[in-house]
Amino acid sequence: MEPELPPASEERPDPVPMLLDGLTESQAKAVQATEGPVLVLAAAGSGKTRVITRRIAFLVACGVPPWSIMALTFTNKAAGEMRERVMKLTSDILGLPESTARGLTVTTFHSLCARLLRRFAEPAGLKPDFTIYDSSDQVSLVKKTIESLQLSTSNWPARSVLGAISAAKNQLLDAEAFAARSQDFYSKTISKIYTSYDKAMRTAGAVDFDDLLVLTAKTLKNDASVRDECRRRWKYLLIDEYQDTNHAQFVIASMLAGDDTSSGPAGPNIFVVGDPDQAIYGWRGADITNILEFEDHYPRAKVITLGENFRSTEPILAIADGLIRNNQLRKHKDLYTSTPGGDKVEVTLTRDEHHEASLIADWFKKLHDGDFAGPKAHRGLAWREMAVLYRTNALSRVIEDTLRASGIPYMIARGTAFYEREEVRNALAYLRVVANAADSVSLGRIINVPTRGLGATTIGKLEETADMQGIPLMQAVRMAPQIPGVNARALAACARFIELIDNWTGNGSFMGSELSGSLADLVERVIRESGLEAMYRAQAAAGKNESDLERLDNLAELVSSARDFELEYQPDSDPALDAPIADRPQTVPPLLAMLRAYLESVSLVADADTVDPEQGAVTMLTLHAAKGLEFPAVAIIGLEEGMLPHVRALQSEREMEEERRLCFVGITRAMRHLHMSTAKYRTIRGLSERTIPSRFVSELNQKHCIFSDQSAIDSGLAGTGWDGEPRTERHIVEEDESGNSISRGGGGGGGGGGKYPVGCLVRHPQFGVGRVRQIAGGLNARATVEFKTVGTKTLVLEYARLQRLDGGE
DNA sequence: TTGCGATCCCTTTTT
DNA sequence: GGGATCGCAA
């Protein structure tokens, strides 16, 4: 459709210039290029969110109906913020009512898919009351599957089997296609598990996170009427963080957008924004070629580059740039800022993780207090303006303890943490069974919680019956009287349990005088009448530990979360309640629809969703969860080999580069203050281990950093410095013309010589005799040694205890 | 059938 | 260090 300008309102100035106000030339270009495919390569901090929101408002200003615009983001929180900002633009600048933004579709891929699958459940081969299984549900189901195939769960660990299944799904290989290409024993077995896992999922009326995407992609691909209906509705598609989309998401986007020839004169209106340097989800199947080959897929695409960084000070940007230059598999783009100056980046070596945590707490306190004297006088930062970033969640614990002890308010961004607590999971499992009686995993979880005399023996019989007949577990419970070997006590327990559930569902009708129609009331009833409340109350009274009281609070919290949801819930925007398909009348009772929507929202929370800038607290989050956020002050911890980069990435160059991008993402979250730290010793699963500073530290542009070694201070240990050698001797690092540190191999000239020139013979206490092939410099120099017996290894000189054999010193 | 304690095992990131 | 599982006692 050709956009039309709305009739100029008399008292308002032309809104279009106002929407472009304050944008750079390329930003404005991206906002205005409304027709046809557009790729925006947006460097970190280059204002891409701004571009997307302005563009949506611009489209609306051009007369595009809001309901025909769809924007896809990575997290619910990003979606919510985007909607807010668009709403503000359309009401402040365009003078449109707030309801305008309601019609917009701003959501995540996963939420969109969940909604489409409910709406088009039948063509997708699902029932609209499907449950979304999270990874622990998946694990229980796949374990059961493995057991029922008579395989050993130790030979076939659920996690890795699921990984293989997930990888297959991400390539859009269904069980059948996977079976067809399985040749060897391993993949044939995986294929068997995949097939029966899939069957069990369908029997349970459940889908996993991958299924949400895969089934949507498949339905859009195979069902023209579904595809056409979507295309009729959405004419303008915007996708954020495009570098982290996987193949299924690519297919969904392409299907929604239409292909290059069949849509409008300029091609499909698909607008994608991303940055290949911030691709950090390769492990989850994200396919960076989606963004790299966008132009091949849409030959008429306009490509717009946003290079100027508006977020960070010069030193922060410079070290980010210098770091990412070490990635070889990358097209370089310059990062630049028009605002020079700023504090240098602090890089600290600490004694251990406790020392690290307390230094960071001190750093935060100093920033919080501010400095009102001297040339660098500044007001203090609020706690909410600071963040601690780490590679793995396990690192958060010590930081948490230290911040608490220091009286610094903090919050951990773990959106799912609340819903993962035992008591909450139990309550939700009851609710899931209420919403979807076929959900056997949830039923299995609560059928005997609190204990009601349905022990392992009885449940085993019920499951056996369910498996044999291919029916959901709940149906077997209802058939209990016909199952041989179920004793009278168990039968009575089954009957009581069935009555319990039926009371909550109004015998499946979700209507009647017994049910209030309120979601919060239902949740409360379930918690009380299931006996969960009494069970935890009894445990609390027995005084085993304090967390039992907390459990009751959490259950109350769940009720209030349901109440909040109920207040926000808009039935008219629930696709399950959309105009019914063709001749079938709409029959979903409102309470059931609301319950489904609630459970869905609970299933799709992301860690980053809980980052609340209103809170006066330091935010703690993983590097992954930090994507898309920014903070005036950032501390990145654990810059150690094996931590960042993570051990799992050490063997592959591709994964190593992803780790480097992850570090890059962390650095570029910082606006003004950045602190990076390495602990010399770190306790990993109870054992204190000597660490090796991360190679990324040695890749930081030294001109913009202040290195300090605190590891010997306040301790009896002799100071050994960043790499165990006096500082003057460790400058094996070379600088290129702009001062960027480049770790280089090939020690010919660059000072890599030292004790072990390339080509010399050495002996290693464990690996034996070998020849040095390469010396890499940096704060912790490494040698690549080709051993006679064990092959080539890369060793850190400080720790390797190499002995030179051919002359030398 | 349940509940508790010892032991074993594993260790990334997340929608 | 912590979660899952297994084995044993009540």
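Every chain is numbered from 1 and lettered A, B, ... according to where its sequence line falls, protein lines coming before strand lines. Remember, it's a predicted structure, so these values are computed and weren't measured experimentally.
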| Looking at residues at least two apart in the chain, or sitting in another chain, which of them share a ring pair (Phe, Tyr, Trp, His ring centres under 6.0 Å) with A:His675? | A:Trp363

| Euclidean distance, atom CG of residue A:Leu72 to atom P of B:dT15 [Å, nearest integer] | 16 Å

| note | At a 4.0 Å cut-off to heavy atoms of chain A, the contacted part of DNA chain C spans C:dG1 to C:dT5

| query | Restricting to pairs with a member in residues 643-657 of chain A, which pass salt bridge (Lys or Arg N to Asp or Glu O under 4.0 Å), not counting sequence neighbours? | reply | none

| request: Taking atom P in both C:dA4 and B:dT13, compute the distance separating them and give it to the nearest angstrom. | output: 15 Å

Write down the protein N/O and nucleotide N/O pairs, taken from nucleotides 8-14 of chain B, whose separation is under 3.5 Å; answer none if there are no such pairs.
residue: B:dT11; atom: N3; partner: A:Arg685; partner atom: NH1; Å: 3.1
residue: B:dT11; atom: O4; partner: A:Arg685; partner atom: NE; Å: 2.7
residue: B:dT11; atom: O4; partner: A:Arg685; partner atom: NH1; Å: 2.3
residue: B:dT12; atom: O4'; partner: A:His646; partner atom: NE2; Å: 3.1
residue: B:dT12; atom: O2; partner: A:Arg391; partner atom: NH1; Å: 3.0
residue: B:dT12; atom: O2; partner: A:Arg391; partner atom: NH2; Å: 2.0
residue: B:dT13; atom: OP1; partner: A:Asn393; partner atom: N; Å: 2.9
residue: B:dT13; atom: OP1; partner: A:Asn393; partner atom: ND2; Å: 2.9
residue: B:dT13; atom: O4'; partner: A:Arg391; partner atom: NH2; Å: 3.3
residue: B:dT13; atom: O2; partner: A:Trp283; partner atom: NE1; Å: 3.1
residue: B:dT13; atom: O2; partner: A:Arg391; partner atom: NH2; Å: 2.6
residue: B:dT13; atom: O2; partner: A:His624; partner atom: NE2; Å: 3.4
residue: B:dT14; atom: OP1; partner: A:Asp607; partner atom: OD2; Å: 3.1
residue: B:dT14; atom: OP1; partner: A:Thr622; partner atom: OG1; Å: 3.0
residue: B:dT14; atom: OP2; partner: A:Asn393; partner atom: ND2; Å: 3.4

| field | Residue pairs involving residues 211-221 of chain A (criterion side-chain hydrogen bond (donor to acceptor under 3.5 Å, both in side chains); sequence neighbours excluded) | value | A:Lys169-A:Asp211, A:Asp174-A:Lys218, A:Arg202-A:Asp211

| said: Classify A:Asn448 by what it touches in the nucleic acid, base, sugar-phosphate, or nothing, heavy-atom distance under 4.0 Å. | reply: sugar-phosphate

| message | If you assign A:Leu213 and A:Arg452 each to the DNA chain B nucleotide with the nearest heavy atom, which residue ends up on the more 5' nucleotide? | response | A:Arg452

| query | Of all residues at least two apart in sequence or in a different chain, which pass the ring pair (Phe, Tyr, Trp, His ring centres under 6.0 Å) check with A:Phe664? | reply | none

Hey, can you pull the donor-acceptor pairs under 3.5 Å for the side chains in residues 485-497 of chain A, sequence neighbours left out?
residue: A:Asn487; atom: OD1; partner: A:Arg489; partner atom: N; Å: 3.1
residue: A:Asn487; atom: OD1; partner: A:Ala490; partner atom: N; Å: 2.7

| task | Looking at every strand, decide which applies to A:Lys143 at a 4.0 Å heavy-atom threshold: base, sugar-phosphate, or nothing. | result | sugar-phosphate

| request: Output all residues satisfying ring pair (Phe, Tyr, Trp, His ring centres under 6.0 Å) with A:Phe565, sequence neighbours left out; order by chain, then residue number. | output: A:Tyr569, A:Tyr598

| task | Scan residues 239-251 of chain A for pairs that pass salt bridge (Lys or Arg N to Asp or Glu O under 4.0 Å), counting only residues two or more places apart or in two chains. | result | A:Lys48-A:Asp240, A:Lys48-A:Glu241, A:Glu241-A:Lys627, A:Asp244-A:Lys627

| request: Would you mind telling me which residue lines up with the more 5' stretch of DNA chain B, A:Arg489 or A:Asn76, judged by nearest nucleotide? | output: A:Arg489

| Base, sugar-phosphate, or nothing: which does A:Thr75 touch, judged by heavy atoms less than 4.0 Å apart? | nothing

| Reported CD-to-CD distance for the pair A:Glu640 and A:Glu356, which is rounded to 0.5 angstrom | 6.5 Å

